Trainee: 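Before I ask anything, here is the structure I am working with.
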Number of protein chains: 2
Amino acid sequence: MARGQGDGETPDPAAATLSEAELTVVQNESLIHRRREQICQAALELFLEKGFASTTIRDICAKSGVNQASIYDYIANKNDILRRLLNQLWFNPDVPTLPEMLRAAPEAGFEEVLRRYLREAWEKKRKGTLLVYRSVPHMLEEDRRAMRVRDKALLADLSGELAERVGLPERDPRTEVMANMIIFMTAFGPMRDWLTRDVEDEVMLDVVAAGVAAMVARLAESAGEDG
Amino acid sequence: MARGQGDGETPDPAAATLSEAELTVVQNESLIHRRREQICQAALELFLEKGFASTTIRDICAKSGVNQASIYDYIANKNDILRRLLNQLWFNPDVPTLPEMLRAAPEAGFEEVLRRYLREAWEKKRKGTLLVYRSVPHMLEEDRRAMRVRDKALLADLSGELAERVGLPERDPRTEVMANMIIFMTAFGPMRDWLTRDVEDEVMLDVVAAGVAAMVARLAESAGEDG
DNA sequence: CCCAAATCCTGACGAATGTCAGCCCGCGTA
DNA sequence: TACGCGGGCTGACATTCGTCAGGATTTGGG
């Protein structure tokens, strides 16, 4: 039974997603989709709980109910699972990026858009955020590169949006650091929720959004001084 | 050759550090110390590069020059190495905490102290920060608990210092979220340095310190309004 | 009810892992 | 020079890992 054909077929360096192996054994598309869903869901929970490297294929099979042999009819290997998860959760989430939201709602203030963004991101991208920050060392170098490309693009986009509001050139390092901080703040809720679980979500959101808005205002101020 | 006696001997739940196994085979204390240094140094670099779980004892031996058998005369097991690293880098670093520095320099402004703190933390605790955030899933539950205790204590301490400056009660959730954000920001430099490596350190420091100070000021402001 | 195609699963492979028993060597002392 | 002992090391153990060949089983059309 000749199974899949391994990893990277499309080495497009600017690809927006990670390449997923194609498998040819099972033919029923909807079955493939269903099984992959089971597998990825189980894998995600295990990766978050025990980390990528110490989650075994056997664990994933047990949790998802897919047989140890059959699993290779649906995914190419363990790393392929990680790639598919990152594609779903990081590269293609149903949450627009912050700069997109800023552009979509030009009438709303920065702080209000930020609040909406954080609310959505913390709700829908929580697991993806955790997975990304934790599994960087286990990604293939090629995939890490793709992630960095994506991250840099987002950073540039946000820097652009920010530059206008702050009155600094887009490529000013201070603008870039600020954009970086804001992106980092997206991970705040997910990564430190073990210590903030007894705080009401909306309170946390308010404090973070207000804080970040104040950071940005402060940068604008100091840009005005030396501009 | 009866080697060490495994893991947790001192189950003190409020212990300030993680318990390290005692080994009884090698007797020369300074030799033990020297070898442990080699081992931990090599392990740290490997853990950061490939992650804890996919670093093997053989890797560590190769990199540190210690024999595969002898290594168990100096450490109890792989997890013991992680514990020792966390003790060195996280529980006992030669960097005072932020609230300590605030208390030690009451004449200096918040922003200036913050800048000093971040400078030191990013220089001396960088690797520890990375190690902690990445190896949480591989720690024993007991150790994770100890970390959380420590983290909570730091959080409470910082909340206390902050409360005065902000005019909110120490236990106000907003104060706690703010303290949490500041602690999180300590990880900003290390965790996102792959994207900020071409930014000068001092610029980054300025932007972050100014930003955080602005966040705190903003919180004080809104506390004044509803106080 | 039968047969072929599609899907599932038993069982196993080679490689890698954490761990260590037990032998080895060299050095200081008698 | 002989001996004892602290420390190093070869080689191997039991286990677990990712992976899959190939037979068993189900499914659907005639």
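Values below: all heavy atoms of this structure, side chains included; hydrogens, waters and symmetry mates excluded. Just so it is clear, the model here is predicted, and its values are computed rather than measured.
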Trainee: Which pairs, with at least one residue in residues 175-186 of chain A and sequence neighbours excluded, count as a salt bridge (Lys or Arg N to Asp or Glu O under 4.0 Å)?
Mentor: Arg171(A)-Glu176(A)
Trainee: Under the ring-ring contact (aromatic ring centres under 6.0 Å, His included) rule, what pairs show up with a residue in residues 174-209 of chain A, not counting sequence neighbours?
Mentor: Phe184(A)-Phe184(B), Phe184(A)-Phe188(B), Phe188(A)-Phe184(B)
Trainee: Rounded to whole Å, please give me the gap between CG in Asp73(A) and C1' in dT26(D).
Mentor: 15 Å
Trainee: Restricting to pairs with a member in residues 132-160 of chain A, which pass ring-ring contact (aromatic ring centres under 6.0 Å, His included), not counting sequence neighbours?
Mentor: Phe52(A)-His138(A)
Trainee: Can you tell me which residue pairs pass the side chain to side chain donor-acceptor pair (under 3.5 Å) test with a partner in residues 177-188 of chain A, sequence neighbours excluded?
Mentor: Asn180(A)-Arg192(B)
Trainee: Provide, to the nearest angstrom, the distance between the CG atom belonging to Asn67(B) and the C1' atom belonging to dG6(D).
Mentor: 15 Å
Trainee: Can you check whether Arg35(A) has a side-chain N or O nearer than 4.0 Å to OP1 or OP2 of dT7(C)?
Mentor: no
Trainee: Thinking salt bridges, do Arg119(B) and Glu202(B) make one under a 4.0 Å N-O criterion?
Mentor: yes
Trainee: Starting at atom CG of Leu31(B), determine the distance to atom P of dC27(C), rounded to an integer number of angstrom.
Mentor: 15 Å
Trainee: Which nucleotide sits closest to the side chain of Tyr74(A): dC8(C), dA21(D), dG8(D)?
Mentor: dC8(C)
Trainee: Tell me, which pairs form a salt bridge (Lys or Arg N to Asp or Glu O under 4.0 Å) where one or both residues lie in residues 49-67 of chain B, sequence neighbours left out?
Mentor: Glu45(B)-Lys63(B), Lys50(B)-Asp59(B)
Trainee: Mark up nucleotides 14-19 of chain C, 5' to 3', with B wherever a protein heavy atom is under 4.0 angstrom from a base atom, S wherever such an atom reaches only the sugar-phosphate, and - elsewhere.
Mentor: ---BBB
